[in-house]
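What you are looking at is a predicted structure, and each value in this text was computed from that prediction instead of being measured.
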Amino acid sequence: MSTAENINTALNALAERADRRFHGLVHALFLLGFLTELVIVIIDKSALVNPYEGRLFQLTFLCFFAALLTERFTLRERGYLAFFLALSLISYLVTGRNELLRCTVFAASMVRMDVRKLMKLFLAVETAGCLLLNVLSLAGVLGTVFLTTDYGGGVETRLCLGLGHPNSLHCMAAVLVLLFLCLYHDRLHAWQFAVLFAANLVLLYFTRSQMGALAMAGGIVLQFLVDRIQSDRTKNALCICMEVLFAAGLFFSLLAATFNPASAPWMQKIDHLMTGRVGSLWDTTFHEGTLASWRWFSDRNSDRFFDLGWVRLVYWYGVIPAAVVIFYLLRWLRFLRRKKEMAAFVMLSVLAVYTVFEAHLVSEYLGRNTLLLLAAACVPAAAGESMKI
């Protein structure tokens, strides 16, 4: 055995000893951190203000780090972990943003856990929390049922059901439906897919959230097709189309950060279809988020919010971290396609394309990002084991 393998064996032995001794405590700490992250998201979506959010993030990080210390990894996995920890630590020191570090520790801390159970818990808690906010808004206790404001095409009244904004309502619905399909698609009949699709159209009528509706519709249709297509060749072609669509979305993100709709008529037409998402990059004094504001690693002043998710990733964290994330995401899609893990591929590909237009997953909230759970489930599969979903 090489020196690196000997070190890895020793570290795994220490982790196993710690796990045997403190398994109950570590598991409880992880669940505490996990549930806390989910509750933080629900509070953020509500009309409440959480003055302890930063402290709670520190608490959950410590919980996940404790769980990480009892994890066992292969030498290759430990190498990837060291790389991402180093990258996220550099990002934190340069930008002051700790999300990449928290994401890395969170995903790595549950690699050997029953990720399917955690995904079910995620779905149950987030769905219950959103429904609670819906009921409280309808009862007039917390939040508003409808939001009347100028959405870019004049003053309108749209449904938000206590989640603060119509886009937020439809976005949460889309993400939860995608997770539901990933977990339970094999139990659904055709008519149940039809009911989900119809519910999406009804929600679209009240929210006018086109991007959220497209994401949900895309996930429903794509999952329905891959479940019923018998030909592996046809399935593979369909998956490749999604990968190409994602690559096209990344190219569009670069164009959006390069061309101002005010001086590029073709981009202005596209921006009109996207309800001003591109124009929002260019309507500030220093054009934050555009190509001129990109750095190899970002800085502490890059804190503006806008919708284009992949542009926000580059702007918030820098070209290098974003390039690494995108590179591994493309490899991840290819891996799932070749392994014929269709449910995981559908959720990952649809959310990757959705992030071109909406930055729901690019945030400080780990409880929004279902892909972190999927990442933990995929690590054992990369080593030749079965997927944990």
Side-chain angles (χ1 to χ4, degrees), residues 41 44-45 53 91 95-100 103 147 149-153 156 158 160 163-172 174-175 207-215 246 248-264 266-323 325-326 329 351-366 368-369 371:
V41 171
D44 174 67
K45 293 296 181 183
E53 191 172 86
S91 176
T95 68
R97 307 193 70 94
N98 60 19
E99 293 87 37
L100 294 181
C103 285
L147 179 64
T149 188
D150 187 348
Y151 294 95
E156 296 180 71
R158 300 181 183 179
C160 62
L163 269 72
H165 196 278
N167 283 351
S168 180
L169 171 61
H170 214 137
C171 177
M172 287 297 291
V175 170
T207 65
R208 298 292 191 272
S209 178
Q210 299 172 5
M211 300 306 166
L214 283 173
F246 173 46
L250 292 174
F251 181 65
F252 169 77
S253 298
L254 178 61
L255 294 179
T258 306
F259 295 97
N260 189 338
S263 56
W266 60 273
M267 180 60 80
Q268 191 173 47
K269 292 178 181 179
I270 297 174
D271 190 37
H272 178 71
L273 295 174
M274 295 178 59
T275 62
R277 281 171 166 79
V278 178
S280 67
L281 297 176
W282 298 88
D283 63 4
T284 60
T285 303
F286 300 105
H287 297 166
E288 290 94 338
T290 63
L291 194 62
S293 68
W294 290 9
R295 305 287 183 269
W296 292 117
F297 282 91
S298 192
D299 55 50
R300 293 174 183 266
N301 295 320
S302 299
D303 57 359
R304 186 166 176 264
F305 288 79
F306 46 80
D307 289 324
L308 302 181
W310 294 113
V311 177
R312 187 197 284 188
L313 184 72
V314 178
Y315 169 69
W316 271 9
Y317 306 107
V319 173
I320 293 176
V325 170
I326 291 169
L329 187 57
L351 287 176
V353 174
Y354 181 53
T355 302
V356 173
F357 311 104
E358 291 281 2
H360 177 81
L361 300 183
V362 185
S363 78
E364 60 267 40
Y365 300 103
L366 304 187
R368 286 187 186 185
N369 201 335
L371 296 187

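The environment of NE2 in His272 is sparse: at most 12 heavy-atom neighbours from other residues, nucleotides or ligands sit within 6.0 Å. Other residues, nucleotides and ligands contribute only 12 or fewer heavy atoms inside 6.0 Å of the CD atom of Gln210.
With hydrogens and angles disregarded, a donor-acceptor distance shorter than 3.5 Å links the side chain of Arg277 to the backbone of Met274. A distance-only check finds no donor-acceptor pair linking the side chain of Trp294 to the backbone of Tyr315 [under 3.5 Å]. Here the side chain of Asp271 pairs a donor or acceptor atom with the backbone of Val278 at under 3.5 angstrom.
We find the CD-CG distance between Glu53 and Asp44 to be 6.0 Å, quoted to the nearest 0.5 Å. Atom-to-atom distance recorded for Leu169:CG and Thr207:OG1 is 6.5 Å, nearest 0.5 angstrom. Considering OG1 of Thr258 and CE of Met267, their distance stands at 8.0 Å, rounded to 0.5 Å. The OG atom of Ser293 sits 11.5 Å away from the CG atom of Asn301 when rounded to the nearest 0.5 Å. Rounding to the nearest 0.5 Å places CZ of Arg312 at 10.5 Å from CG of Leu281. For the atom pair Leu329 CG and Leu313 CG, the distance stands at 10.0 Å (nearest 0.5 Å).
Residues forming a side-chain hydrogen bond (donor to acceptor under 3.5 Å, both in side chains) with Ser302 (at least two apart in sequence, or on another chain): Ser298, Asp299.
Of all non-hydrogen atoms in Arg368 and Ser363, the two that sit nearest each other are CD-OG, 3.5 Å. In terms of heavy atoms, Pro321 sits closest to Phe297 at CG-CE2, 3.5 Å. Residues Val311 and Ala257 approach most closely at CG1-CB, 4.5 Å, considering heavy atoms. Scanning all heavy atoms of the two residues, the minimum distance from Gly212 to His170 falls at C-CD2, 3.7 Å. Closest approach of Val362 to Tyr317, counting heavy atoms only: CG1-CE1, 4.3 Å. In terms of heavy atoms, Pro166 sits closest to Cys160 at N-CB, 3.8 Å.
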Decide yes or no on ring-ring contact (aromatic ring centres under 6.0 Å, His included) for Trp310 and Phe246, but give the supporting numbers first.
-> CA-CA 11 Å; Trp310 294 113; Phe246 173 46; 5.6 Å; yes

Between Asp303 and Arg97, is a side-chain contact (heavy atoms from CB on, under 4.5 Å) present by the stated rule, with each step listed?
-> CA-CA 9 Å; Asp303 57 359; Arg97 307 193 70 94; 4.2 Å; yes

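Between Trp266 and Phe259, the ring planes lie perpendicular to each other; the angle is over 60°, past the 30° to 60° tilted range. Between Trp316 and Phe305, the ring planes are perpendicular. Angles over 60° get that label, and only those under 30° would be called parallel.
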